[in-house]
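Got a structure for you, written out below as structure tokens; questions coming shortly.
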Protein chains: 2
Amino acid sequence: MDKEAFFHKLVTFTTAVHEVTFDLTKDVRPEGITPVQYSILEYIAVSQPVTLSQISDCKNISMPNTSRELKKLTEKNLCEKLDVAEDRRKQMIRLSDAGQAMMNKAFEQIGERFLERIKDSSTEELEEISRALDVLHSKVFNSGE
Amino acid sequence: MDKEAFFHKLVTFTTAVHEVTFDLTKDVRPEGITPVQYSILEYIAVSQPVTLSQISDCKNISMPNTSRELKKLTEKNLCEKLDVAEDRRKQMIRLSDAGQAMMNKAFEQIGERFLERIKDSSTEELEEISRALDVLHSKVFNSGE
DNA sequence: CGATTTTGTTATCAAATGATAATTAAAGAG
DNA sequence: CTCTTTAATTATCATTTGATAACAAAATCG
């Protein structure tokens, strides 16, 4: 298969992934939370506890802007800052109970929509999908490292 | 495999896809083009000719805002509006020569980065990846319909 | 034909985001 | 101990984006 066609296939695929994730996640964002804030909360939920710099790096948001958004989230009692004993410049950030509850609810909705989407797949097909995810994750979409 | 783990796997995967596409496409956006404008140009490039409503629907941008951004792009001579004979309300939009050249260049850069990313894969692995793309595209990320 | 729907435009406003400079405090290097 | 680097904050500004209302013209429906 020629590179050109392969590349086109990948572009089409990533576009589809973006569209589907948009569909799965639309409307789950709670009132009063901006898109950027939600994406930060999502990141914290998955990787907590994290430092401010980590959020800044991974989400490609400058430190000042990360600090600003995190301050707003903290004021809304959605996350907490914990001092780090070894390095007193750093702060570990994690979701508060309220923030955790909020994100659980959001993930639950997304999960339901996802299950709806694969509900017609047999056990064998799910296995196949799972293997496909492994292949692509390890051979193409391996961001880490 | 339980649903919970399956869902988690998918979340991790889509996150990776987003990160990788960000890496592949960062810095390719030409000077003076905003992110939203670039995403519109990308969509036109792949699907041209398209109507304004199609752009609005597919990119989830309201008609007024789509119209505004398209006007700016037209003023920059990056795309053209063609009248439709059968329905004089509609306009078909496509890239101008300059716009096409610009997007070709952008896609070329992305293509190079992509090839770099899969350069260590054998022919068999590429076949495997291709099949995995087909599986996921048809069974999970099938946005159309 | 008249009413309604579709397609697109213009204008305007508010909110979200991005970018930068200046500052603080702690850690680490020499 | 001084100098430099790292982590984070605050303040400020311009740009981008989203949202809404009001409008116009063509198509479609009954």
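Note that this is a predicted model, so its numbers are computed, not measured. To find a chain, count down the sequence lines: A is the first, B the second, and so on, and within it residues start at 1.
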Distance, rounded to the nearest Å, where A/K81 contributes NZ and C/dA25 contributes C1': 15 Å

For the residue pair A/H137 and B/F13, categorise the inter-ring angle as parallel (less than 30°), tilted (30 to 60°) or perpendicular (more than 60°). perpendicular

Could you check how far CG of B/L52 sits from C1' of D/dA26, rounded to whole Å? 16 Å

Quick one: does B/Q54's side chain get under 4.5 Å of B/S47's, heavy atoms only? no

Mark yes or no for whether A/S96, through its side chain, and A/E80, through its backbone, hold a donor-acceptor pair below 3.5 Å. no

Any B/E19 side-chain heavy atom under 4.5 Å of B/T15 side chain: yes

Report the distance from atom CD1 of B/I55 to atom P of C/dT7, rounded to the nearest whole Å. 14 Å

Please state how far atom NZ in A/K90 lies from atom P in C/dA27, giving the value in whole angstrom units. 11 Å

Apply the hydrophobic cluster definition, ILVMFWY joined by side-chain contacts under 4.5 Å directly or through others, and give me every member besides B/L82. B/V84, B/M92

For DNA chain C, the dot-bracket pattern of Watson-Crick and G-U pairs whose distances stay under 3.5 Å, | for other-strand partners: ||||||||||||||||||||||||||||||

Whether each nucleotide of nucleotides 12-25 of chain D has a protein heavy atom under 4.0 Å at its base (B), only at its sugar-phosphate (S) or at neither (-) is summarised, 5' to 3', as B---SBBBBB----

Using a strict 4.0 Å threshold on nitrogen-to-oxygen distance, state whether B/E116 and B/K119 make a salt bridge. yes

Enter the distance from A/T12:OG1 to B/L133:CG here, rounded to the nearest 0.5 Å. 9.5 Å

Length of the CG-P vector between A/D87 and C/dA27, whole Å: 6 Å

What is the distance, to the nearest angstrom, from the CD atom on A/E86 to the P atom on C/dA25? 21 Å

B/I110 and B/Y38: which non-hydrogen atoms are nearest, and at how many Å? CD1-OH, 3.8 Å

What is the distance from CG of B/D57 to C1' of C/dG8, rounded to the nearest Å? 13 Å

Is any side-chain nitrogen or oxygen of A/Q91 closer than 4.0 Å to OP1 or OP2 of D/dT9? yes

How long is the line joining CE of B/M63 and P of C/dG8, in whole Å? 5 Å

Please answer whether the main-chain N or O of B/D97 pairs with a side-chain N or O of B/Q100 as donor and acceptor at a distance below 3.5 Å. no

